[in-house]
Structures are given as structure tokens and as C-alpha cells.
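Worksheet for the structure shown next.
Keep in mind that the numbers below use all heavy atoms, side chains included, and drop hydrogens, waters and symmetry copies. The chains referred to below are lettered A, B, ... by the order of the sequence lines, with proteins before strands, and numbering in each begins at 1.
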Amino acid sequence: MPSTPAVPSDFIRDIVSEDAASGRHRLVVTRFPPEPNGYLHIGHAKSICLNFGIARENNGRCNLRMDDTNPTKEDVEYVESIQADVRWLVSGWADHVLGLKPRGAHAEASTIHGRPDHSIAAIRGSEAAGHDLEPFFASDYFPQLFGFAERLIEKGLAYVCDLSPEETDRYRGAPDRPGQESPSRHRTVAENLDLFRRMRSGEFPDGARTLRAKIDMASPNVWLRDPILYRIRHATHHHTGDAWCIYPMYDFAHCLSDYLEGVTHSICTLEFEVHRPLYDWLLGALDLARPLPRQIEFARLNLGYTVMSKRKLLQLVNEGVVTGWDDPRMPTISGLRRRGVLPGSLREFALQIGVTKFNGLTDVAVLEKCIRDDLNRAALRRLAVIQPIKVVLTNIAPGESIACEATNNPEDPASGTRTVHLTREVWIEQDDFMEVPPPKYFRLRPGGEVRLKYACIIRCDEVVRDATGAVVELRCFADLTTRTGQPNAGRKVKAAIHWVSATLAVPATIRLYDRLFTEEEPEKDGRDFKSVLNPHSLRVVQAWLEPSLAGATPGERFQFERLGYFCLDASSPPQSLVFNRTIALKDSWAKTKGE
RNA sequence: UGCCCGAUGGUGUAACGGUAGCACAGCAGACUCUGGAUCUGUUUGUCAUGGUUCAAAUCCAUGUCGGGCAGCCA
């Protein structure tokens, strides 16, 4: 088992600890602020674990906030899925620090030391009983944000600009070339206020005007070249409907949303590093009454054999490469869940990979190790045969059934045992028999012996072929004195293989998943990620399962011995069984065999 | 090419001027009624060049390489 320190440490946690120790804040508050324009993926899981982990370690709070300032890209379907995914991931670990608000609550005005202020109250999971709660929405702050914008205008720090999108682009200059001031830059405060209010009342069409901060068109940081704060968009918003036709930009909305919620540490990914001066400028320009939040950036997750952007994942969904956002091959949280991954595995993964500013590529083996470790401890063992070959046990009578006791989970003695029945005809895996085996092959061969796990040792006496010469049946002798509790139970053979009774087994459909891409870096050297899709990422096969599996419930996970971990699909129809393979067991024989 | 950020074994990550450690992967072995799990051992590393210092992965300088930034996206 991986030995991860109980209290993780990284440069961000160090900063938070120092701030907490300095007494600068009453309570450590972080936030997880996804835009509801897609499903959450494992990269978001890293961020969730960081933000909720910090809140948890400091007995603080982590607000879930929809960063929904762009009505044309967002949808309620996404806000629903995001909530479900966050709750699932955090459940049993950090629910108590999950910050939400009473449904319908808005930011409220107050006065602090004679200065006007606005803030919104949060309720932590630990005090949530009896409340009807919902996430925070940046769009709930549109009224306050509008007020902050007016304040900026009044201070001469923002102006309404008449430049068209193309002109704005041209005037911005380039990273190595200063920009040029907009002709609108020197309007009076009164004129700006009037124009901004008319923008809001719907007097102008999309793109006609913007509100911009007045900073420095010659700044080497292009985000300080009079960035746009508001744009006109006559569009219906998923949360505010048609109440607004101007919408704030990310940079303006984000820092102030953090402030309104009392966020102390605003943790985001590296691409926002160049935005930090703007984040600080905006907060600094408004003379705010309470301590300001602080932005800290870390490297986003890159994982081998997958892509990690919502845009590309959406493309896979839209083009039918996968069946949906929750296709078990997707690196989405919902995909991993449907695949059978436990939330604790993802949390452990986040701990293992750490948090830095180095933009690296994480080996999927780390994730797989976390998934296996978790499932190894939790999953009940069952017997199943995927590629069957028939074995006839010649010394067992037709209709005879021999009860054998099978361990449910060797890692957890409390899980007890169950009974499996040995009959004259059983299925074993085709891989577990070879007529002319290579060296070091331990399984069944003509004249050889192998143990049927939990049952007895069998000896292969005869190989039966069909007209084409293909092996269709093995006739074997079952040494019943080698059963548990029998005199020869201790007899050793080189291998124990899995099996199911051919007469009692239940059929099932099994979906065998493999990585979605054939290359560890699908987009290496600018190549199109769709050109390296793995055509065998899904294989559907029929299998035979031990009868006890007929009662499995959707979402239930098992280890099919020697094969891997499997999860009854959430949408498995009641009268038939559909299992998803979460992950195969490590197979050192495959390595030996491969050379 | 302007600005910002980064660089420690194959991969990811510690060491906060004083013994380069951990995890994953790999390899070898032990054990095993799962070729799983477990256990033991083990290969491999401070981007380069200067400087400061008794002492540098760590501080400074220069260079190299990698990433980010020029949406009315977030």
C-alpha cells in the first residue's frame, strides 16, 4: 500500500498554513469554481481534492461555485452533473467543509467601519441540516458586479469603449509591441455612467460597446492593456434567464466573486498566472473593506493515454466516438464512476501526484495502482469465465453437485465465504490450457494437473477435437481427495485456475475497456488526437458467471478472480447482466509470455 | 521575438545553505489454492557554465530547453 503522509504538504499548503498562522483570516476559505459548460474530469478531481483538502486540513470551507458568466456556452445539465460529481468525490471525506448557500440566497449589503460592503453567507456541510442548499453562482452576483463596475467608472478607472471586436483586437497590439489607446478612453465619468447603464438597459446590439478597465495600453502584460470587463450579449442565461443583456468577463467576475464569498485562497491553474496582476489590480482599485483573496497557481494534470480538455472531450461525445460524457472510457469523473472506480482511489491519486508548478505528464500506472489498491481491499471475489473451453470431469456423475467453500475476500476475513458447486461439466478459460506449452507455463496441459480453485486438482486425460482439429473439450479426472478438508487437500500443484459450472453458470455481457488512445501523448508534436484513437478501446464479450452473481445490483463491484475488477453497469437491464471491466489484474505471466 | 513561469532517476514528487529521500514503473528473489495481494533486495537522478560560501539541488549571473500569455472564452 502506498505510504502517503496523513497530512500532505506542498507549496500551496505551506502558503495557506503561513497565512492561517498569521491570523490574517478568520477562516480559511477556498473554492472550486467550474464553468458549467461540460462535465468534470480527473483534472478537476485534482483541483477538488486540493481545494477541499486544504479546507479540511484547516477546518475551513470550500465553496462550490458555478462560474457562469457566459450564457452562450453553459447549461443546467452541466450544473447538475457537476454537483453530483463533486458530492460523490468528496463524500465521506470533506462533505463537512463543502460550502453552499440557502437556495435563492443573494449577496447582501452591509457597512464595515463606515464603509459599504457586500458579502454572501455560506453554510458548511457540517451545519447543513434542515437547510435547502444550492451551489454559489457567479451569476447571482450580477447586481453587485454591476455596482462594482459603476464604482470603477466613478473613480475614473473604467470606461465604455466603442471599438468593434476587430478594432479592439488591433488596438491591443502584440506581446512584443505596445497597444494603442482607444478613442473612447477619455470620456467623462458622467458619459461613461450613462452609456454603461444604457448598455444594461438593452439599448445597443451585441458587440457594439464594452466596458473596459483603464490601466495601461503599453503594459508588457497584455492582460493589463485595458481589459474588457463587460460585453453585450442578448442571450438567455441558464440561471438568470433574460434579466441581463450585459455579462461580466471572467477576470472581473472571478476576483469579485471570491471577495463576496470571503474566499481567502483562490487556487487556479498555471494559465491564469499572467492574469494575477489584473486580479490584484481590480480588487485593489475598489477600496474593499474586508481582507482580499489571494490567487495561487498550480500545474494542471496531464495524464498519459488521454486528453484532458472539456472542448476535446465534448468533441468525442458529439462525434460519437464514445457513448456520452459518462462513457467508461472517458477520463471524466462520471465516466470513471460508471467504470467502477471508487472515489477514494481518485483522492489517493491526487495525493500521490502532488501539487507543483511543473507542467509534467503523469504516468497512468499511478492512477491504475490507486484503483487496484482500493478495489483489492473492497471487492468481493467471484468466479467468471470469459473465453470458455469445456472440461468434462469424467469421474463425476451427470447431475451430481459437489459443494465447495469459496473465500469472499482474502484481504478481508470478515467478508466470509460462500458456496460454489462443482459439476461434471465446467468451463475454464481457454488461456488456462495449452497443448504444447512454452517453458514456465504452469497451467493445464495434456497429462498435466492444475487445481480448480476452491475445488480440487484435476488431471487432463484426453483432448477432444472437432472436424477442423480445434480443441473443443478436455476430459479430465477430478481428484476429490484434494478438496478442502480432504486428506490430500495440501497437495501442491503449480497453478490454481478459475472455473464455473457449465450447468449452473449464468450468462452475462462483459465490456472490456482499454485506453482510448494508442499513444501516451495523443497530441504530441501537434498531431490530431483523433488520429490515434484506439480501435479496440471497447470489446464486448459474452461470459459465464457463478450463479451468485445473478443477484448483483447496479454499481456493485467484484473481482472476477484472475481476470480483474468488474462493476455491474448502472444501466444494466434487470433480467440480464452487463458488467464493465474497471481494470484488469496485474498479469506478470503476460510479461513472461511476451518474452 | 516582449512579459511571466518552470527544470531533481524512465515518470511524478521531497530535501527550505549541511547524508539527494519517497512513490509509481522496471529488474531479481521469497511466499501464495488468484502468475493477484504481500514481503525482501535492487538498477537509474540535481539542465549547462561560471560565481558566492567551510559547504550549493537550494543563493547570484549567463545560457539551454520546456510551458503560458495577444477571446467581447473560462
Side-chain angles (χ1 to χ4, degrees), chain A residues 1-5 9-10 14 33-35 37 67-70 72-73 161 163-165 168-169 172-179 206-212 219-223 225 228-233 247 249-251 253-254 268-277 297 299 304 310-311 351-363 365-370 372-373 376-377 381 383 406-407 410-411 440-443 451-457 482 484 489-498 559-564 584-593:
Chain A
M1 193 181 303
S3 58
T4 310
S9 164
D10 53 64
D14 290 346
E35 183 189 15
N37 67 344
D67 204 0
D68 56 350
T69 56
N70 184 354
T72 61
K73 290 192 174 174
C161 177
L163 254 27
S164 71
T168 306
D169 215 37
R172 186 162 31 236
D176 56 345
R177 174 165 42 87
D206 288 6
R209 294 182 210 267
T210 56
L211 181 75
R212 301 176 68 176
S219 171
N221 180 342
V222 295
W223 290 102
R225 320 244 263 226
I228 291 170
L229 268 22
Y230 268 91
R231 76 286 213 184
I232 301 171
R233 277 259 205 297
Y247 291 91
M249 297 288 289
Y250 164 83
D251 288 295
H254 203 87
C268 60
T269 45
L270 251 26
E271 67 267 30
F272 294 103
E273 213 162 12
V274 285
H275 293 240
R276 188 174 357 118
E297 311 85 14
K310 283 195 269 188
R311 203 198 97 241
L351 246 31
Q352 292 289 326
I353 59 178
V355 178
T356 66
K357 297 186 75 159
F358 176 70
N359 204 311
L361 175 66
T362 296
D363 193 333
V366 179
L367 207 215
E368 294 176 344
K369 165 79 172 159
C370 294
R372 287 196 184 100
D373 274 356
N376 179 45
R377 269 174 266 127
R381 311 292 126 120
L383 297 177
T407 304
E411 306 293 326
K440 292 195 192 154
Y441 184 84
F442 302 155
R443 285 108 92 153
R451 178 178 283 279
L452 294 185
K453 193 158 188 201
Y454 305 126
C456 63
I457 293 172
T482 59
T484 308
R491 226 183 97 203
K492 305 280 184 214
V493 285
K494 283 293 260 182
I497 64 172
H498 59 278
Q559 182 197 101
F560 292 171
E561 293 212 36
R562 302 210 306 139
L563 294 175
L585 251 29
K586 254 173 71 179
D587 184 359
S588 53
W589 166 242
K591 233 176 292 177
T592 310
K593 186 174 59 175

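If you take CG of A/L563 and C1' of B/rA37, they are 16 Å apart, rounded to a whole angstrom. Protein atom CG of A/N359 is 10 Å distant from nucleotide atom P of B/rG12, rounded to whole Å. Atom CG in A/D169 sits roughly 15 Å away from atom P in B/rC69 (whole-Å rounding). A/L361 has its CG atom 17 Å from the P atom of B/rA7, to the nearest Å. At whole-Å resolution of the value, CG in A/D587 and P in B/rA37 are 10 Å apart. The CZ atom of A/F272 sits 11 Å away from the P atom of B/rA70 (whole-angstrom rounding). Going from atom CG of A/L229 over to atom C1' of B/rG71 covers 15 Å, rounded to whole Å. The CZ atom of A/R377 sits 14 Å away from the C1' atom of B/rG36 (whole-angstrom rounding).
Glycosidic conformation of B/rG26 is anti; the angle lies outside 90° of 0.
At a cut-off of 3.5 angstrom, counting only N and O atoms as typed in the model, there is no donor on one side facing an acceptor on the other between the side-chain of A/T407 and the base of B/rC33. If you check distances only, the side chain of A/R177 never reaches the base of B/rG2 with a donor-acceptor pair under 3.5 Å. Evaluation of atom-type donor-acceptor distances gives no pair under 3.5 Å for the side chain of A/Q352 against the base of B/rU13. You'll find a donor-acceptor pair under 3.5 Å spanning the side chain of A/E411 and the base of B/rG36, going by distance alone.
B/rG66 sits 23 Å from B/rA61 when the P atoms are compared, rounded to a whole Å. Distance check on atom P: B/rG26 versus B/rG67 gives 28 Å, rounded to whole Å. Comparing B/rG51 with B/rG10, their P atoms sit 28 Å apart, to the nearest whole Å. Nucleotides B/rU49 and B/rC54 place their P atoms 23 Å apart, quoted to the nearest Å. For the C1' atom pair drawn from B/rU13 and B/rA74, the interatomic distance equals 29 Å after rounding to whole Å.
Nearest nucleotide to the side chain of A/V222, out of B/rC33, B/rG35, B/rA70: B/rA70. Between B/rG36, B/rU13, B/rC3, one nucleotide has an atom nearer to the side chain of A/L585 than all others, and that is B/rG36. With B/rG68, B/rG6, B/rU38 as the choices, the nucleotide that has an atom nearest any side-chain atom of A/K357 turns out to be B/rG6. Side chain of A/P410, nearest nucleotide from B/rG36, B/rA70, B/rC72: B/rG36. Comparing B/rU13, B/rG35, B/rA74 against the side chain of A/H275 picks out B/rA74 as the nearest. If you check B/rA37, B/rC4, B/rA74 against the side chain of A/E273, the one that comes closest is B/rC4. Nearest to the side chain of A/P165, among B/rC72, B/rU34, B/rU13, sits B/rC72. Comparing B/rA74, B/rG35, B/rU38 by their closest approach to the side chain of A/Y250 singles out B/rA74. Set against B/rG71, B/rG36, B/rC69, the side chain of A/W223 has B/rC69 as its closest nucleotide. Considering only side-chain atoms of A/R233, the nucleotide from B/rG35, B/rU34, B/rC73 that sits closest is B/rC73.
Between A/Y441 and A/W589, the distance from one ring center to the other falls under 6.0 angstrom.
With sequence neighbours excluded, no residue forms a ring-ring contact (aromatic ring centres under 6.0 Å, His included) with A/Y454.
Counting non-hydrogen atoms of other residues, nucleotides and ligands closer than 6.0 Å to NZ of A/K494 gives a total of 12 or fewer.
For the pair A/R225 (side chain) and A/S219 (backbone), a donor-acceptor distance under 3.5 Å is present. Without hydrogens or angle criteria, A/N221 side chain to A/V274 main chain gives a donor-acceptor distance under 3.5 Å. A donor-acceptor pair under 3.5 Å is formed between the side chain of A/D587 and the backbone N or O of A/A590. For A/T482 (side chain) and A/I457 (main-chain N/O), a donor-acceptor pair under 3.5 Å exists by modelled atom type. A/T356 contributes a side-chain N or O that, together with a main-chain N or O of A/F358, makes up a donor-acceptor pair within less than 3.5 Å.
The 5' end of RNA chain B is approached more closely, in terms of each residue's nearest nucleotide, by A/N221 than by the other of A/R381 and A/N221. In this structure, A/A365 and A/T482 both approach RNA chain B, and ranking their closest nucleotides by distance from the 5' end singles out A/A365.
Within 4.0 Å (heavy atoms only), A/R225 reaches no atom of the nucleic acid at all.
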Taking it one step at a time, do A/R381 and A/K453 satisfy side-chain contact (heavy atoms from CB on, under 4.5 Å)?
-> CA-CA 12 Å; A/R381 311 292 126 120; A/K453 193 158 188 201; over 6 Å; no

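Both geometric conditions, a ring-centre gap below 5.5 Å and a plane tilt below 30°, are fulfilled for A/F442 over the base of B/rG35.
Under the 3.5 Å distance criterion, with hydrogens and angles disregarded, a donor-acceptor pair is assigned to the side chains of A/T72 and A/N70.
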Dot-bracket assigned to RNA chain B with the 3.5 Å Watson-Crick/G-U criterion, [ ] for crossing and | for other-strand pairs, is .((((((..((((....[..)))).(((((.......)))))....(((((..]....))))))))))).....

